Amino acid sequence: MEVGDVYSSRQLDKAEGEAIESVMARSQQTIPDPDEWLKQELKRNILLTSVDAMLNWARRSSLWPVVCFPACCAFEFITTAASRFDISRFGMEIIRASPRQADLMITAGTLTWKMAPQVRRIYDQMPEPKWVIAMGACAISGGIFASSYSVVPGYNRIIPVDVYVPGCPPRPEALLYGIRMLHQKIAKMSLITEGK
Ligand code: SF4
């Protein structure tokens, strides 16, 4: 319709109706929820788990070994800690000189009865929870020195052992496998039964 046209009342009604229809059509979209961002935040940032699972994950991902390397298996442990095998992948590269800052004893070597009280003292000074890996035949049973008058036939005579890694000496891969076994053991721990 051009300006200056004379409209019938019917035409005016039609034009008005069209304008109203147009406004109604534009007003039908869903109004965005002002709290939509919160849903996205919850989706992205909240993870539900149990206290046990969280605690066990933290414990097994940051085991700190204490120095206890009395014989030749120690060199395999040193290789395990070096770049080729690299135990820092498991958060274990910090070898503690103080038992008070360690929670894992890797017994890499032959133990004599003369050294036994010192090893027991080191173990006692480690805070709870703590774990022991017996590395090598000597640590497990005294190895080739088992019948010697001076050798302890296994660390488990003086401290509780969690994982045994056989071999004379075990290769770094075997020690890494033993560490993975210990991780699985820690993953099954529960705060409810701990200390009972
Ligand atoms: S198990 Fe073999 S390599 Fe290890 S400390 Fe004993 S003799 Fe040495």
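Counting begins at 1 with the first residue of the sequence. Nothing here was measured: the structure is a model prediction, and the numbers come from that model. Just follow the structure's listing: the first ligand is 1, and inside any ligand the first atom is 1.
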Between R120 and D124, does any side-chain N to carboxylate O distance fall below 4.0 Å? yes
Under 4.0 Å from a heavy atom of C168: give me the atoms of ligand 1 that qualify, with their elements. 1 (S), 2 (Fe), 7 (S)
Is C73 close enough to atom 8 (Fe) of ligand 1 to have an N, O or S atom under 2.8 Å? no
So, the side chain of N156 versus the backbone of V161: is there a donor-acceptor pair under 3.5 Å, distance only? no
Show the atoms of ligand 1 that are less than 4.0 angstrom away from any heavy atom in A137. 1 (S)
Going by heavy atoms, is G143 under 4.0 Å from ligand 1? no
Between Q101 and S98 (side chain of the first, backbone of the second, donor and acceptor by atom type, cut-off under 3.5 Å), is there such a pair? no
Give a yes or no answer on whether the side chain of D103 reaches the backbone of W64 with a donor-acceptor pair at less than 3.5 Å. yes
Atoms in ligand 1 flagged as close to C72, the criterion being non-hydrogen separation under 4.0 Å: 3 (S), 5 (S), 7 (S), 8 (Fe)
Atom 6 (Fe) of ligand 1: which protein heavy atom is closest, and how many Å away? C138 SG, 2.3 Å
Indicate if L63 and F69 have the same hydrophobic cluster label, given that clusters are the connected sets of ILVMFWY residues with side-chain heavy-atom separations under 4.5 angstrom. yes
I need the atoms of ligand 1 closer than 4.0 Å to a non-hydrogen atom of G109, numbered in the order shown. 5 (S)
For the backbone of I133 and the side chain of T107, can you confirm whether one donor and one acceptor N or O come within less than 3.5 Å of each other? yes
